[in-house]
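Have a look at the structure below, then the notes.
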Number of protein chains: 2
Amino acid sequence: MSLREKKKQETRTRIFDVSAALFKEKGFENTTVDEITKEAGIAKGTFFNYFPTKEALLFYFKEQKEEFVRDLMTGQMSLNAPVKERLMDLFVLVAEHYEKDKELSRLLFFEHKRLIMASGKIPSGSRHEGHSPGHFVNMLCSLLQEGIQNGEIRQTVDPMVAAKTLHAIYFHSLMGWLHSNTDYSFSNDISAKVDLLFTGIGE
Amino acid sequence: MSLREKKKQETRTRIFDVSAALFKEKGFENTTVDEITKEAGIAKGTFFNYFPTKEALLFYFKEQKEEFVRDLMTGQMSLNAPVKERLMDLFVLVAEHYEKDKELSRLLFFEHKRLIMASGKIPSGSRHEGHSPGHFVNMLCSLLQEGIQNGEIRQTVDPMVAAKTLHAIYFHSLMGWLHSNTDYSFSNDISAKVDLLFTGIGE
DNA sequence: GCTTAAATATGACTCTGGTCATTTATGACC
DNA sequence: GGTCATAAATGACCAGAGTCATATTTAAGC
């Protein structure tokens, strides 16, 4: 790696680290780009050579977090247990991870939507969890297919539709939980809903 | 109503109308508060006497829209048809309404979240659809109770849990649809999911 | 109608995210 | 080591959201 590359990488990392620390300390809104750059020992303009906007930083935080979660999930997936159980554990596992830093999770979760909206400013090469399948949904889908194979899930179920529905449930529960200040049990909430989906509501 | 009250009401309405027109014409981001106030014939500071932030306007737009939707829903609810059918029609009805101005819907839908997050700046007296039940969920709940009564829905189903699950599904479908540029059928998407919930996925 | 207090309007000002023409550092080639 | 092209850093600058001390308008009491 050339000197240039090395320095670049270094600066990027420094911006990242400094930002993380400041955000954690004073929150996203209360941290200015000036502060970040001053703390990182660079000029203001330099920041924008690395990240198109201040909010874009969140995007990279999210990416980092998602990578971590992805690994968590992959581990969980390969266990040996009934599909439904693995599903529930998967949700809880991920939620527990988010729970570790609720404030940041909120930020990433809710701000991320705006990033998607404010198109044109999205860092390139990005996947947009939510529309086109996305990793999480795909993982749910293959889990469900497994369930269909071994008879835990009805043959007639379209695994993709079911996966999306599960994702909807997960997403909604997570959102509600992130909104709430009073902490209610995420796992109770989601398990009731997943149970319902398994059993069906129709007579 | 005193002269003061009348003027106040007038100004508020003018800000509202002018904003709506400008947002529609050039989009939310591309409309400045300066433009709004100039067009409305008031000073910049005055704007902030009426609305705490520019984004707060969206909140009131949303409220207005929600009131409209609420009426739509109430009408739909009182029809005579199987619960499931009414449910589906309800979703489609609301989605069709949103479809009329997809851009605005996106804005309200996604920006609203931020408003909730950036607490302290939320106009007082606001309900936050999403956490504590909310009108939509309550409506779904009573619809489901009706279904339990007349045997369309299993006795053992907790109507509130089911209502929240339906809301999750609705929300997710709506979100996906609002994200997508390529227009796929919202009704197809949601009906597949609702079907699934009725039937259940478990063997 | 005059006086006074409170509500409301005002716009100069501040603060911060983001831009861009200019300067500086790097590396390739001789 | 000198020259040149290109990548990267810089900070003065701009635009727009939001603030606030001050000015104006209203309403009430006399």
Side-chain angles (χ1 to χ4, degrees), chain A residues 1-16 18-19 22-23 25-61 107 111-112 114-115 117-124, chain B residues 1-16 18-19 22-23 25-61 107 111-112 114-115 117-124:
Chain A
M1 189 191 282
S2 69
L3 173 59
R4 231 178 214 170
E5 287 288 310
K6 208 159 54 184
K7 278 198 169 178
K8 216 168 144 183
Q9 198 54 47
E10 227 176 82
T11 302
R12 166 172 281 266
T13 308
R14 199 155 64 257
I15 294 176
F16 219 82
V18 166
S19 302
L22 287 176
F23 290 169
E25 184 190 327
K26 355 184 346 181
F28 179 73
E29 303 279 0
N30 296 323
T31 304
T32 66
V33 175
D34 267 321
E35 284 175 302
I36 294 171
T37 55
K38 201 161 285 181
E39 188 80 19
I42 56 172
K44 191 172 182 182
T46 306
F47 176 93
F48 292 99
N49 287 343
Y50 286 85
F51 300 94
T53 67
K54 181 185 164 192
E55 293 195 338
L57 266 174
L58 290 180
F59 184 84
Y60 293 101
F61 278 123
L107 214 57
E111 288 293 334
H112 177 60
R114 290 193 65 236
L115 285 184
M117 286 294 88
S119 50
K121 293 194 167 181
I122 309 168
S124 62
Chain B
M1 189 192 280
S2 70
L3 172 59
R4 230 176 214 171
E5 287 288 311
K6 207 159 55 184
K7 275 197 172 178
K8 215 168 146 184
Q9 199 52 49
E10 227 177 83
T11 303
R12 167 172 280 266
T13 308
R14 199 154 66 254
I15 294 175
F16 219 82
V18 166
S19 302
L22 287 175
F23 290 169
E25 184 190 328
K26 354 184 348 183
F28 179 74
E29 303 279 0
N30 296 324
T31 304
T32 68
V33 175
D34 268 321
E35 285 174 303
I36 294 171
T37 53
K38 200 160 286 181
E39 188 79 19
I42 56 172
K44 191 171 182 182
T46 305
F47 176 92
F48 292 98
N49 287 343
Y50 287 86
F51 300 94
T53 68
K54 180 185 163 191
E55 293 195 338
L57 266 174
L58 290 180
F59 184 84
Y60 293 100
F61 278 123
L107 215 57
E111 288 293 333
H112 178 61
R114 291 194 64 237
L115 284 184
M117 287 293 87
S119 50
K121 292 193 169 182
I122 310 169
S124 63

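Below, chain A is the first sequence line, B the second, and so on; all start at residue 1. Values below: all heavy atoms of this structure, side chains included; hydrogens, waters and symmetry mates excluded.
One finds a side-chain N or O of Lys8(B) lying less than 4.0 angstrom from the OP1 or OP2 phosphate oxygen of dT8(C). At the phosphate of dA9(D), OP1 or OP2 sits under 4.0 Å from a side-chain N or O atom of Tyr50(A). Within the structure, a side-chain polar atom (N or O) of Ser2(B) is placed less than 4.0 Å from OP1 or OP2 of dA27(D). OP1 and OP2 of dA25(C) both lie 4.0 Å or more from every side-chain N or O belonging to Lys7(A). One finds a side-chain N or O of Thr46(A) lying less than 4.0 angstrom from the OP1 or OP2 phosphate oxygen of dT10(D).
Straight-line distance from the CG atom of Asn49(A) to the C1' atom of dG11(D): 12 Å, rounded to whole Å. What separates CD of Glu10(A) from P of dT26(C) is a distance of 12 Å, to the nearest Å. In this structure, CG of Asp34(B) is placed 11 Å from P of dA15(D), rounded to the nearest angstrom. Here the P atom of nucleotide dA9(C) and the CZ atom of Phe48(B) are 14 Å apart, to the nearest Å. The distance between atom CZ of Phe28(B) and atom P of dG16(D), rounded to the nearest whole Å, is 14 Å. With rounding to whole Å, Glu29(B) atom CD is found 14 Å from dA15(D) atom C1'. Here the P atom of nucleotide dG17(C) and the CZ atom of Phe51(A) are 15 Å apart, to the nearest Å. Taking atom CG on Leu58(A) and atom P on dG17(C), their separation rounds to 12 Å, with Å as the unit.
With the nearest nucleotide of DNA chain C identified for both Phe47(B) and Arg4(B), Arg4(B) has the one nearer the 5' end. Comparing Lys54(B) and Glu5(A), the nucleotide of DNA chain D nearest to each residue sits closer to the 5' end for Glu5(A).
Thr37(B) comes within contact range of no nucleotide atom at all, as no heavy-atom separation falls under 4.0 Å.
Closest heavy-atom contact between Val33(A) and Lys44(A): CG1-CG, 4.3 Å.
Relative ring orientation between Phe16(B) and Phe51(B) is described as tilted, the plane-to-plane angle lying within the 30° to 60° band.
Taken from OG1 in Thr11(A) to CD in Gln9(A), the straight-line distance is 9.0 Å, to the nearest 0.5 Å.
The side-chain tip of Lys54(B) points at the ring of Phe28(B) from less than 6.0 angstrom away and within 45° of straight on.
Interface remark: the Lys44(B) side chain does form a donor-acceptor pair with the dA17(D) base, using a distance-only criterion of under 3.5 Å.
Checking side-chain atoms of Glu35(B) against main-chain N and O of Thr32(B) turns up a donor-acceptor pair under 3.5 Å.
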